[in-house]
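Structure first, commentary second.
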Amino acid sequence: MKTVAVEKQDEKQAEQFCSGAHALVKALIHEGVDTIFGYPGGAIMPVYDALYDFEGKIKHHMSRHEQGATHAAQGYARQSGKPGVCLATSGPGATNLITGLADAQLDSTPLVCITGQVPSQMIGTDAFQETDVVSISMAVTKWNVQVTKAEDIPAAIAKAFYIAKSGKPGPVLVDITKDAQFGKCPDTYERCDQVRSYIAKPKIDPLAIEQAAQAIAEAKKPLVLFGHGVLLANAKDEFREFIEKSGMPAAWTILGLSALATDHPQNVGMLGMHGNYAPNKLTNECDLLIAVGMRFDDRVTGDVTRYAKQAKVIHIEIDPAEIDKNVKADIPILGDCREALQRLIPHLQRKDYQDWYATFSALDAEEQEQVIQRDLFPDESAPLSMGEVIRHLSDISKGSAVLVTDVGQHQMVAQRYYRFGEWNSNITSGGLGTMGFALPAAIGAKLAAPHRQVVAVIGDGGFQMTLQELGMIMEAGIAVKILILNNQFLGMVRQWQDMFFEKRYSSVDMSNPDFLMIAKAYGIEGQQVSERADLEKAMHTFLSHPKSYLLEVMVGKEDNIFPMIPSGAAVDEIRLK
């Protein structure tokens, strides 16, 4: 028989070990995680069992589909600045994460996705719900790994968080076999702060800063393009000082929106296919293009062979793969854009670009007359327009809401006409253009910032892709406002068929259910508006309601979004009609 002393020693040693599943949950707590999204299943069940022991420390929100979990985690990450975390089981649970991972990869959103996997001895046997998710997800993650031993779980999680949030952020995936979750490992955790051969922040070349400062000093018609990198680097003060000290006009990509207030006098508008007339036209007239934290996406450049050929290009970018990828940089500044701006600012002197701004103003006046006035103040005999709905939303919310937009015509209208007044208030699917993104992403954003008004702006098509996530709202009582702009079409596809396919409307006419009845089934109040006289009052009710609320607005069926750069055209071939 064992002595009492030996038994106590055994108990002490046992306390120094825990299951792999418990090690995982403890690792999440060490990383400051208090909110996760997911959907349980057989291969991840040990982790869910471990979560039971940490009630009050981590809140789990069960999505109704694993894609919804990834988008909710994205919304949480984009609003909080911390990695979003989601769980899924093996097989179909894991593969349902792929769309969200791809979306996060293209938009540089930090996610840590953890999947369960069949026991290690069964890998490769086509076991029930076995899928090689590491191979499948490799193209849409910043890093991924499969863990087959309990003792490797803490280090894998530490590395995952470091890689997800450092440098250019992105999604990572950790696939953990079921036997590793059940196995025992030391109850210790050490954060990761470096990975061999991985350079999170390249050192900025001081010569590049000097060259950029000289180019700015010599420019007569400069144009700053700012993107998501400004927000990701948390360069709020630095970017504003950079703009104001230099006096240069600045235009935004859709992911850069809200890095500078819409009404800032140097903000000249939106770039890209449905952006503003002046900044797109004048991209091909400026003499200096300064790209800050943006990657020259094709939606911004149009025909890249005819993009800003007359201009010298300064490109501030943290990812070396983006330098010269689409647009040749005369002066590349490789590094964190916040640090780059801090180094540039002392070299700047404010210049007078009065004539250059006058050129913008003249083109703005054309857009106001031919497009904006019609969008925001349509004829009384015309149906409600998306633009006037967003105008009311902007005015009544005073530009202070977090807008989470889905993908389509309503996305472009919301970003063109909502007057963003606060930093980091725009969350949308940019690079992948994922319909169904907005509802779950808005849930995540609201959980990250419960003190802020969060409005999901969605089309009738996109809403039906993830409307099951109303269940998350119902279960947790999350006060998300849902604005459906219903034109009874897949509007953006219909617009292309209208303009480029001789109005041969193929599979775009939507037969929709009663959205209000669906919302009511989830305990969410709402109303539908189709008359202009009812819109303002309905918008007040929508925004002031203390809980979640759905407002469906019936808008013109065949309204097109202008300006527009036709596919394959140059940016200065942007059309007003």
Side-chain angles (χ1 to χ4, degrees), residues 74-75 77-81 107 109 224-244 249-272 274-276 278-279 292-294 299-300 360 364 367-368 372 375-376 386-407 409-430 437-438 441-442 444-446 448-449 451-458 480-481 483 485 539 542-543 561:
Q74 285 178 271
R78 295 269 287 271
Q79 186 55 218
S80 69
D107 287 352
T109 303
V224 177
L225 315 180
F226 61 97
H228 198 195
V230 177
L231 292 154
L232 293 172
N234 197 25
K236 177 182 179 180
D237 296 334
E238 289 81 3
F239 183 70
R240 181 167 181 152
E241 186 177 358
F242 172 72
I243 291 299
E244 293 179 349
W252 40 270
T253 71
I254 64 169
L255 291 179
L257 178 56
S258 80
L260 188 69
T262 304
D263 291 331
H264 191 284
Q266 289 168 246
N267 190 335
V268 293
M270 174 178 168
L271 298 161
H274 291 286
N276 292 109
V292 185
M294 55 87 72
R299 281 296 200 253
V300 166
F360 281 92
D364 285 341
E367 186 179 352
Q368 281 284 342
I372 296 175
D375 284 351
L376 300 186
M386 292 186 187
E388 66 181 312
V389 178
I390 298 301
R391 174 174 60 85
H392 280 285
L393 174 64
S394 183
D395 290 347
I396 295 169
S397 67
K398 297 180 170 53
S400 64
V402 177
L403 245 61
V404 186
T405 50
D406 214 78
V407 173
Q409 288 182 317
H410 65 278
Q411 177 190 33
M412 297 296 103
V413 171
Q415 293 173 332
R416 281 175 54 81
Y417 295 131
Y418 192 83
R419 312 302 292 176
F420 289 89
E422 295 193 22
W423 167 264
N424 193 26
S425 296
N426 170 59
I427 298 174
T428 196
S429 172
F437 171 87
K446 183 64 177 179
H451 59 287
R452 295 197 66 182
Q453 180 80 275
V454 176
V455 180
V457 182
I458 315 177
V480 169
K481 304 302 167 61
L483 175 61
L485 300 181
M539 190 65 72
F542 172 69
L543 291 171
I561 308 302

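On a predicted model such as this, the values are computed, not experimentally measured, just so you know.
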Residues in ring-ring contact (aromatic ring centres under 6.0 Å, His included) with Phe242, at least two apart?
none

Go through the structure and list residues passing ring-ring contact (aromatic ring centres under 6.0 Å, His included) with Phe239, not counting sequence neighbours.
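Phe239: ring-ring contact (aromatic ring centres under 6.0 Å, His included) contacts with Phe226.
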
To the closest 0.5 Å, what do you measure between [atom1] ([X]) and [atom2] ([Y])?
X      : Y      : atom1 : atom2 : value
Ile396 : Phe542 : CD1   : CZ    : 10.5 Å
Leu483 : Met539 : CG    : CE    : 5.5 Å
Phe420 : Thr262 : CZ    : OG1   : 6.5 Å
Gln411 : Ile561 : CD    : CD1   : 11.0 Å

Applying side chain to side chain contact (heavy atoms under 4.5 Å, CB included) between Leu255 and each of Val230, Asp107, Thr109, report the one that passes.
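Answer to the side chain to side chain contact (heavy atoms under 4.5 Å, CB included) test with Leu255 among Val230, Asp107, Thr109: Asp107.
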
According to side-chain contact (heavy atoms from CB on, under 4.5 Å), who are the partners of [X], at least two apart in sequence or on a separate chain?
X      : value
Val402 : Gln79, Val404, Ile427, Arg452, Val454
Ala278 : Phe360, Leu363, Asp364
Leu232 : Ser108, Pro169, His228
Ile372 : Glu367, Gln368, Leu376, Arg416, Tyr417

Where the side chain of [X] meets the backbone of [Y], is there a donor-acceptor pair that is under 3.5 Å apart?
X      : Y      : answer
Lys446 : Val480 : no
Asp375 : Glu388 : no
Ser394 : Arg419 : yes

Tell me, do [X] and [Y] make a side-chain contact under 4.5 Å, heavy atoms counted?
X      : Y      : result
Trp252 : Asn267 : yes
Val292 : Val224 : yes
Leu257 : Leu403 : no
Met386 : Met412 : no

Can you list every pair that meets salt bridge (Lys or Arg N to Asp or Glu O under 4.0 Å) and has a residue in residues 391-400, with sequence neighbours left out?
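The answer is none; no pair qualifies.
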
With sequence neighbours left out, the residues meeting salt bridge (charged side-chain N to carboxylate O under 4.0 Å, His left out) with Arg240 are Glu244

Check side-chain hydrogen bond (donor to acceptor under 3.5 Å, both in side chains) between [X] and all other residues, then give those that pass, not counting sequence neighbours.
X      : answer
Thr405 : Thr428
Asn426 : Gln415
Gln74  : His71, Asp103
Ser397 : Tyr418

Which pair of heavy atoms, one from [X] and one from [Y], lies closest together, and at what distance?
X      : Y      : result
Ser425 : Ser258 : N-OG, 3.0 Å
Ala250 : Ile243 : CB-CD1, 3.6 Å
Gly269 : Pro279 : C-CG, 4.2 Å
Ile458 : Ala438 : CG1-CB, 3.8 Å
Leu543 : Gln453 : O-NE2, 2.9 Å
Glu238 : Asn234 : OE1-O, 4.1 Å

Evaluate the side-chain contact (heavy atoms from CB on, under 4.5 Å) criterion for residues Leu225 and Leu271: first the C-alpha distance (whole Å), next the side-chain angles of each, then the deciding distance (0.1 Å), finally the verdict.
CA-CA 8 Å; Leu225 315 180; Leu271 298 161; 3.6 Å; yes

Please step through side-chain contact (heavy atoms from CB on, under 4.5 Å) for the pair Ile254 and Val300, ending with a clear verdict.
CA-CA 9 Å; Ile254 64 169; Val300 166; over 6 Å; no

